[in-house]
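All remarks here apply to the structure that follows.
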There are 2 protein chains.
Amino acid sequence: MGKITMKDVARMAEVSMSTVSRVLNNPESVHAEKRQRVLKVIEAENYHPNALARGLVYKRTQSLGVLLPDISNGYVAEVIRGMEDTANSHGHSLILCNTDMNRERMLKYLRVLKEKQVDGIIFMSEPVTGELNDLFTELQLPVVLASTQSLEYNLPSVKVDDEQAAYDAAVYLIEKGHRKIGMISGPTFDVISGATRYYGFQRAVNEKLGSRADGMVEFGHYRFEDGYIAMKRLYGRKPDITAVFAASDEMAVGAITYLREKGMRVPGDVSVMGYDNTKFASMYTPKLTTVAQPMYEIGSTAVEKMIDRLDGEVSGDERTYLSHKIVERESVAEI
Amino acid sequence: MGKITMKDVARMAEVSMSTVSRVLNNPESVHAEKRQRVLKVIEAENYHPNALARGLVYKRTQSLGVLLPDISNGYVAEVIRGMEDTANSHGHSLILCNTDMNRERMLKYLRVLKEKQVDGIIFMSEPVTGELNDLFTELQLPVVLASTQSLEYNLPSVKVDDEQAAYDAAVYLIEKGHRKIGMISGPTFDVISGATRYYGFQRAVNEKLGSRADGMVEFGHYRFEDGYIAMKRLYGRKPDITAVFAASDEMAVGAITYLREKGMRVPGDVSVMGYDNTKFASMYTPKLTTVAQPMYEIGSTAVEKMIDRLDGEVSGDERTYLSHKIVERESVAEI
DNA sequence: CTGAAAGCGCTTACAG
DNA sequence: CTGAAAGCGCTTACAG
């Protein structure tokens with residue numbers, strides 16, 4: 001016995017296919033008795049409509065493609081969780097694509113997603129280049145950016161205001177009495193989370209301390225090792241530092257690891273503040289004081305924005321900023 | 001200008017649709033000159049074949065559904081990464097489904113995946129109940145289990161030998177000179193990773209120390225807080241304990257957190273060993289000695305197994321065990 | 001309220 | 001090597 005189709009159901013219920021289709025899509029429009037007959041057969045035969053056939057005529061698949069750098073990254077995984085919950089509750093599915101920031105791989109995915117007729121694409125891989133933007137319009141696929149944005153193109157996006165968040169973090173440290181504050185920044189060529197957080201930090205130091213943070217900044221790629229190395233350089237140059245703001249929790253932990261190896265206590269001798277509030281942050285010792293991004297909400301909001309657009313309800317603002325907050329825990333001391 | 005279809009390409013290249021279809025699927029079979037003409041139009045018009053239409057006739061979608069408990073879990077995310085890479089390199093896509101171990105939600109997903117005509121399902125949510133097994137066969141969808149398995153049903157699966165891994169961990173601790181060894185186990189009703197690791201631990205204690213681990217075991221649900229609480233109870237009852245084996249890295253870290261609050265040093269006073277080797281483990285201080293599961297490989301092997309089956313190459317063994325290993329770091333001391 | 005027919009965009013025998 | 005036609009499993013006007 002092969003798969004049972006709508007035609008089979010129609011035959012067994014002694015109605016036309018149109019009627020079966022109607023009880024599925026617009027039950028009210030069919031006579032109660034016939035409807036029951038059809039429903040009974042559907043149940044008995046365990047009939048499942050074929051979404052491919054349906055998608056072919058609807059020109060809608062209820063599937064969204066999501067391009068992300070790497071799902072094994074805790075931050076990314078949390079955002080995806082928010083996306084998936086929201087997509088699911090709206091009857092959509094998510095097709096996962098790890099780009100590894102690799103151009104070839106991304107192009108291939110984009111082609112596949114197009115062929116599979118996804119309704120839209122959620123993009124969180126990286127900043128949007130001109131080439132990429134052209135591709136999006138060429139593909140004629142709606143795009144929403146999550147946790148990234150496009151400065152040049154007017155693409156809808158959802159993220160935190162990184163500049164302001166970093167500013168707030170620095171101010172927090174300053175209000176705790178710190179004056180010699182270092183930063184472990186992301187790379188400045190990363191215009192989304194590198195340069196922005198760097199500028200926010202600088203602005204705070206400028207405004208509140210009236211100084212430039214000369215020599216107080218090191219750079220890394222957000223990973224543990226980067227934080228370790230950056231801290232080493234920073235400490236080597238400025239041993240009188242009393243606080244460090246890292247652009248990621250991982251780098252913060254890397255920095256703490258280095259400091260401890262040097263016999264410094266955190267936060268006793270040096271305070272360290274992170275960014276992201278990954279799960280990790282509250283399990284570490286000392287529990288990390290950090291800038292919390294609403295990861296789950298970034299994901300769910302991005303999907304909501306996508307679905308609104310698919311439904312024709314374009315919300316006015318393209319760029320949505322979700323609010324960050326500072327989570328006070330144990331890694332920053334008042335002095 | 002609407003989407004361009006194969007029919008349009010045929011018209012523009014002045015050939016039949018059959019020919020266009022052939023240059024796409026079996027280029028050699030069409031005359032070189034015509035082939036070029038078609039290719040040119042495809043390129044110029046940026047034509048993308050519709051995978052829904054294709055899937056409708058092929059009865060293959062090159063899509064796999066993956067049911068998992070929660071993607072924001074670091075262990076799960078790493079396994080998924082392995083799946084996605086492998087799926088991608090075989091031209092398959094992954095549809096992500098977070099079940100949260102919720103039955104309703106799982107059933108809904110299963111229905112959607114069936115309707116979307118996925119070629120198969122990778123299941124890593126939980127042990128397979130009778131009801132679930134019935135559903136799988138009813139749905140007529142091939143299933144491969146990742147990081148779980150079915151004792152009752154002969155479903156293909158990929159995982160580590162948990163009993164042996166826990167045994168090895170306990171033996172490792174014993175060989176380091178420990179005699180008073182506690183365990184923080186998963187719940188015994190979890191027959192996959194709870195009971196198995198618990199038995200492995202017991203077997204080692206039995207064989208090597210000739211004793212039963214009476215009162216030396218506490219239970220938790222693998223999370224940080226569970227580890228903390230379990231350690232508290234364990235320590236309250238057995239303050240002379242010198243080593244603890246936790247069934248997850250998170251619980252290990254929770255245990256360490258408690259011990260430190262009590263002024264104990266790890267591993268100076270008490271050694272702690274974890275399980276999983278999540279990223280976290282090497283960033284923590286002290287870096288965690290732990291049982292490494294090959295998470296990425298579990299994912300990629302599961303997908304390979306699925307694809308082999310879809311291609312009709314059923315490998316002999318249903319149950320694949322990947323090897324674990326003990327990663328020595330800093331949280332266990334020799335005494 | 002209901003059914004016959006056309007159409008969604010492909011592929012695959014079947015002829016030639 | 002190539003094209004016309006049927007078919008994959010649905011939905012949607014259009015009549016009735």
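Chain letters run A, B, ... following the sequence lines, proteins first and then strands; every chain starts at 1.
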Measuring from Tyr75(A):OH to Leu68(A):CG, what's the distance to the nearest 0.5 Å? 12.0 Å
For dG9(D), does OP1 or OP2 lie under 4.0 Å from any side-chain N or O of Tyr58(A)? no
Using a cut-off of under 3.5 Å, enumerate the N/O to N/O pairs linking the protein to nucleotides 6-8 of chain D.
unit_1	atom_1	unit_2	atom_2	d
dC8(D)	O3'	Lys59(B)	NZ	2.9

Looking only at the side chain of Ser21(B) (C-beta and beyond, no hydrogens), which of the listed nucleotides dT11(C), dG3(D), dT2(C) gets closest? dT11(C)
Would you kindly say whether Thr19(B) and Lys34(B) are connected by a side-chain donor-acceptor distance under 3.5 Å? no
Residue pair Gln149(B), Tyr321(B): steps toward the side chain to side chain donor-acceptor pair (under 3.5 Å) verdict: CA-CA 10 Å; Gln149(B) 71 183 156; Tyr321(B) 292 97; 3.1 Å; yes
Quick one: does any side-chain atom of Thr301(A) pair with a main-chain N or O of Ile298(A) as donor and acceptor, under 3.5 Å? no
From CA spacing to verdict: salt bridge (Lys or Arg N to Asp or Glu O under 4.0 Å), Arg54(A), Glu115(B): CA-CA 10 Å; Arg54(A) 180 181 295 204; Glu115(B) 294 188 356; 5.6 Å; no
Report the nucleotide, chosen from dC1(D), dC10(D), dG3(C), that has the shortest atom-to-atom distance to any side-chain atom of Asn50(A). dC10(D)
Rounded off to whole Å, could you give me the CG-to-P distance for the Asn26(B) and dA13(C) pair? 12 Å
Mark yes or no for whether Asp70(A), through its side chain, and Ser72(A), through its backbone, hold a donor-acceptor pair below 3.5 Å. yes
Please report, rounded to the nearest Å, how far the C1' atom of dT11(D) is from the CG atom of Leu52(A). 15 Å
Do Val303(B) and Val66(B) come close enough that some side-chain heavy atom pair is under 4.5 Å? no
Between CG of Leu24(A) and P of dT11(D) the distance, given in whole Å, is 6 Å
Ignoring the backbone of Met6(B), work out which of dG3(C), dC10(C), dG3(D) is nearest its side chain. dC10(C)
When rounded to whole Å, the CD1 to P distance for the pair Ile4(B) and dG9(C) reads 11 Å
Are the side chain of Ser21(A) and the backbone N or O of Met17(A) linked by a donor-acceptor pair below 3.5 Å? no
Separation of Arg54(B) atom CZ from dC10(C) atom P, in whole Å? 8 Å
What does the 5'-to-3' dot-bracket notation of DNA chain D look like when only Watson-Crick and G-U wobble pairs under 3.5 Å count, and pairs to other strands show as |? |||.||||||||.|||
In whole Å, what is the span from the CZ atom of Arg22(B) to the P atom of dT11(C)? 11 Å
Between atom CG in Asn25(A) and atom P in dG9(D), what is the gap in whole Å? 17 Å
Taking OP1 and OP2 of dG3(C), is either one under 4.0 Å from a side-chain nitrogen or oxygen of Ser18(A)? no
Nearest whole angstrom, please: distance from the C1' of dC10(D) to the CD of Gln117(A). 15 Å
Nucleotide nearest Lys34(B) when distance is taken to its side chain, options dT11(D), dT2(C), dG3(D): dG3(D)
Closer than 4.0 angstrom, basic N to acidic O: yes or no for Arg105(A) and Glu84(B)? yes
